[in-house]
Every structure is written in structure tokens, then in C-alpha cells.
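Read through the structure below, which is laid out as C-alpha cells, and then see the notes.
Throughout, protein chains are lettered first and strands after them, A, B, ... in sequence-line order, and every chain is numbered starting at 1.
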There are 2 protein chains.
Amino acid sequence: MASTFAILADPSRREILDLLRTGERPVGDLVDRLTLTQPTVSKHLKVLREAGLVDVRQDAQRRWYRLRPQPLAEIDAWLAPYRRMWEHSLDALERHLDTMPEDSTPDDSTPNDSTPNGTTADDSAEGTTP
Amino acid sequence: MASTFAILADPSRREILDLLRTGERPVGDLVDRLTLTQPTVSKHLKVLREAGLVDVRQDAQRRWYRLRPQPLAEIDAWLAPYRRMWEHSLDALERHLDTMPEDSTPDDSTPNDSTPNGTTADDSAEGTTP
DNA sequence: GGGCAATATAGCCGGATTGACATACTCAAG
DNA sequence: CTTGAGTATGTCAATCCGGCTATATTGCCC
């Protein structure tokens, strides 16, 4: 799983996966739609293959690549514990972005032990301080 | 979203997020548990901050960092179209692989439920614009 | 077998990134 | 105003990565 994030970090690779979502394709087809050269695409495919994100089927000279979603499932699993956080209060978050009220998540479980005190009251937001 | 994958690609950063999952923490606390130096942690926090993955609250000299799940939600959204692929039929997909004897799951009860495709391959794939 | 089509591999380069160290900044307490 | 805690920033070395060009490999077809 660790490396899957690194692999998805590249836009070209995500694009390849997106293309393969509709079904398997030969390399040349991918090259046609991506603005990359064939060797570059092959290199990406190698990376994806070694990560288990795609699978190849050989048909004469042509090699049909197909998506293998399993590693993505692991990413999904990694996300699981976090998912609660936005499922829990999505609207509250949006409201927060829009108007910046003053307070947010009601759950303050300070990990340490010393509840700092008043809880939150974040309003600092995006103050880019140069 | 694009950059969120790149940010999650770093194990230290994922570790930081994991630590923040239980609640906000000051920098020193993170430094204590990560085997990194304080400047390095601060640097990672800066990256996370600029990506909107964490948020800071200042309390005297101490800065409490807190998780902001929204970018993770976007990752989740990106995953959505793929999710069907494994949720729908993981075993069937593996069986569908050409001749992979590895599956060996003797009792596939999904008789003919939903052959994932058969079609796949829109071979019209050639790039010539329609 | 020769030639062509399709893909993979090798090698190179520029740029980005991570880590540590040293240093600057900020705030509260005397 | 000085000090010390807490954190941020700057710099440097090492490493990794994505893209390209050139070349090797494989397999059909004549």
C-alpha cells in the first residue's frame, strides 16, 4: 500500500488508470491519447504493473493492459478511519468554509491528557503570513 | 486534489496524519513520536498546511495542529468510480483473469450474476478523431 | 529470411524532494 | 529588556523521478 500513493501521485499514471477504467487497451492506444511518448508510457505501465495496479495480456505483438483494482481497495481501506470525520459533519465543514463561524467539530478528544482548555475556537484560517 | 496524492505518498506525512486522527497535537508532541527532527516535522506540517490537510491553532508559543479531512474526501471521491470494480465482484474479477490459477477459491457462488463484461475493449480505440 | 509493427529497455538530464544542521522568529515570564 | 521554550525558515547533500532519444526485442506477414 505504501507505494500505491506514490504511484497515484503522478498525473500521467492516474490518467492511464482512468483510461483503463472502461476496459483493457493496448499500449499504442494509450500512447495516442496521452501526450507522452511510447517509451514513457511503457515505463509508467511497468511501474503500474509492478505495483499490481494493472495486468497484461499478450496478443501477438500487442499487449492489452487491464486495470487491477485491488491496490486501490487498500487505499480505500487506509482512508476508512478518516472517512468518519467528513461523513460525520460535512455540512458543518462547508458552512465553515463559507462563512467562517467560529467553532467546528464537537469532538474534542485531546489525545494527551491535558485538555488545553477552551477547546478550539479556530478562526485563524488561511492567513498566509509571508 | 492532484497534489494530495503526492503529499500522502510520504510515509512520515501519513504518520503525522495518523497521529492527528485522535485529536489536535502541538508540534513537540509529534516530534516526540516521530523519529524525525523538529525542523523536519515543521517542514512536513507546512506542506500539510498548504495542502489544507491540517489546520493550526496558536496557543502562546505552542501551535496545535489538527486534521482537516476535506482533501481526503476528495481522494475518496476520486476513488469512487473504481470502487465499484472491487465491491462488485472481487472474486469474479480474479477468475476473469486469463488463466490465473492462484485464486483457487473453490466455492464461487456467484453463478452468473454479473459477468463484469466480456465486452471490455472498445477496440475502436484508435485515435483518429471521430 | 526480410521487413514492418508493436512494445520494452537503456541511458541521460533537469528538476523536485527529503533529511539534517544551524539559525531566526515569537511569546511569556521575570 | 533578557531569557528560554516552542516553532519556523534557510541551506546543503543525497536521492529519486519523469521525460526524452536511441536501440533492442518480439512476432506477424510477404
Side-chain angles (χ1 to χ4, degrees), chain A residues 2-17 19-20 24-51 53-66 110-112 114 116-118 122 124 126-130, chain B residues 2-17 19-20 24-51 53-66 121 123 125-128:
Chain A
S3 60
T4 304
F5 276 118
I7 285 170
L8 295 177
D10 187 78
S12 303
R13 253 147 14 206
R14 285 200 306 274
E15 213 171 340
I16 289 178
L17 294 182
L19 286 172
L20 292 180
E24 55 182 7
R25 295 180 187 274
V27 179
D29 184 80
L30 296 171
V31 172
D32 275 355
R33 338 210 155 205
L34 306 170
T35 65
L36 302 172
T37 63
Q38 176 265 315
T40 302
V41 172
S42 275
K43 202 188 238 179
H44 280 307
L45 287 172
K46 180 177 186 178
V47 173
L48 291 169
R49 209 186 324 135
E50 286 172 348
L53 274 160
V54 300
D55 196 355
V56 206
R57 171 174 71 88
Q58 185 156 1
D59 170 44
Q61 300 105 329
R62 224 157 270 153
R63 307 220 175 168
W64 295 78
Y65 278 83
R66 167 197 335 164
T110 15
N112 281 335
S114 61
N117 62 9
D122 82 316
S124 59
E126 315 269 333
T128 54
T129 48
Chain B
S3 59
T4 305
F5 277 117
I7 285 169
L8 295 177
D10 187 78
S12 303
R13 245 130 44 188
R14 285 201 304 275
E15 214 171 340
I16 290 179
L17 293 182
L19 286 172
L20 291 180
E24 54 182 7
R25 295 181 187 271
V27 180
D29 185 81
L30 296 170
V31 172
D32 275 355
R33 338 210 158 205
L34 305 169
T35 63
L36 303 172
T37 63
Q38 176 265 316
T40 300
V41 171
S42 275
K43 206 184 239 176
H44 280 307
L45 287 172
K46 180 178 185 177
V47 173
L48 291 169
R49 210 186 322 135
E50 287 171 349
L53 274 160
V54 301
D55 197 354
V56 206
R57 172 175 69 89
Q58 185 155 3
D59 170 43
Q61 302 104 327
R62 223 158 271 155
R63 308 220 175 169
W64 294 77
Y65 278 83
R66 167 199 332 174
D123 36 72
E126 303 321 359
T128 57

Step by step, would you call A/Leu36 with A/Val31 a side-chain contact (heavy atoms from CB on, under 4.5 Å)?
CA-CA 6 Å; A/Leu36 302 172; A/Val31 172; over 6 Å; no
Interatomic distance, CD@B/Gln38 vs NZ@B/Lys43, rounded to 0.5 Å, equals 11.5 Å
Which heavy atom of A/Arg13 sits nearest to which heavy atom of A/Ala6, and what is that distance?
NH2-O, 3.5 Å
Can you tell me the distance, in whole Å, between the CG atom of B/Asp29 and the C1' atom of D/dT7?
14 Å
Figure out the CD1/P separation between A/Ile16 and C/dT7, and round it to whole Å.
13 Å
Report the distance from atom CH2 of A/Trp64 to atom P of C/dA6, rounded to the nearest whole Å.
12 Å
Just how far, in rounded Å, is P of D/dG6 from CG of B/Leu45?
16 Å
Under the side chain to side chain contact (heavy atoms under 4.5 Å, CB included) test, which residues partner B/Val54, sequence neighbours left out?
B/Leu17, B/Leu20, B/Leu48, B/Arg49, B/Tyr65
Starting at atom NZ of A/Lys46, determine the distance to atom P of C/dA6, rounded to an integer number of angstrom.
22 Å
Rounded to whole Å, please give me the gap between CG in A/Asp59 and P in D/dC28.
9 Å
Kindly compute the distance separating CD1 (A/Ile16) from CG (A/Leu45), expressed to the nearest 0.5 Å.
5.0 Å
State plainly whether the residues B/Asp29 and B/Arg33 are in salt-bridge range, i.e. N to O under 4.0 Å.
yes
Between N or O atoms, less than 3.5 Å apart, protein on one side and nucleotides 26-29 of chain C on the other: list the pairs.
from, atom 1, to, atom 2, distance (Å)
C/dC27, O2, B/Gln61, NE2, 3.0

Kindly indicate, with the supporting measurements, whether the criterion side-chain contact (heavy atoms from CB on, under 4.5 Å) is fulfilled by A/Arg14 and B/Phe5.
CA-CA 10 Å; A/Arg14 285 200 306 274; B/Phe5 277 117; 3.7 Å; yes
Whole Å only: how far is the CZ atom of A/Arg49 from the C1' atom of C/dT9?
11 Å
For D/dA8, does OP1 or OP2 lie under 4.0 Å from any side-chain N or O of B/Tyr65?
yes
Verdict with supporting geometry, A/Leu34 and A/Thr40, side-chain contact (heavy atoms from CB on, under 4.5 Å):
CA-CA 10 Å; A/Leu34 306 170; A/Thr40 302; over 6 Å; no
Find the distance between CZ (B/Arg63) and CD (B/Gln58) and round it off to the nearest 0.5 Å.
4.0 Å
Just by protein heavy atoms under 4.0 Å, how would nucleotides 16-21 of chain D read 5' to 3' in B, S and -?
--SBBB
Calculate the interatomic distance between B/Glu24 atom CD and D/dT7 atom P; express it in whole Å.
13 Å
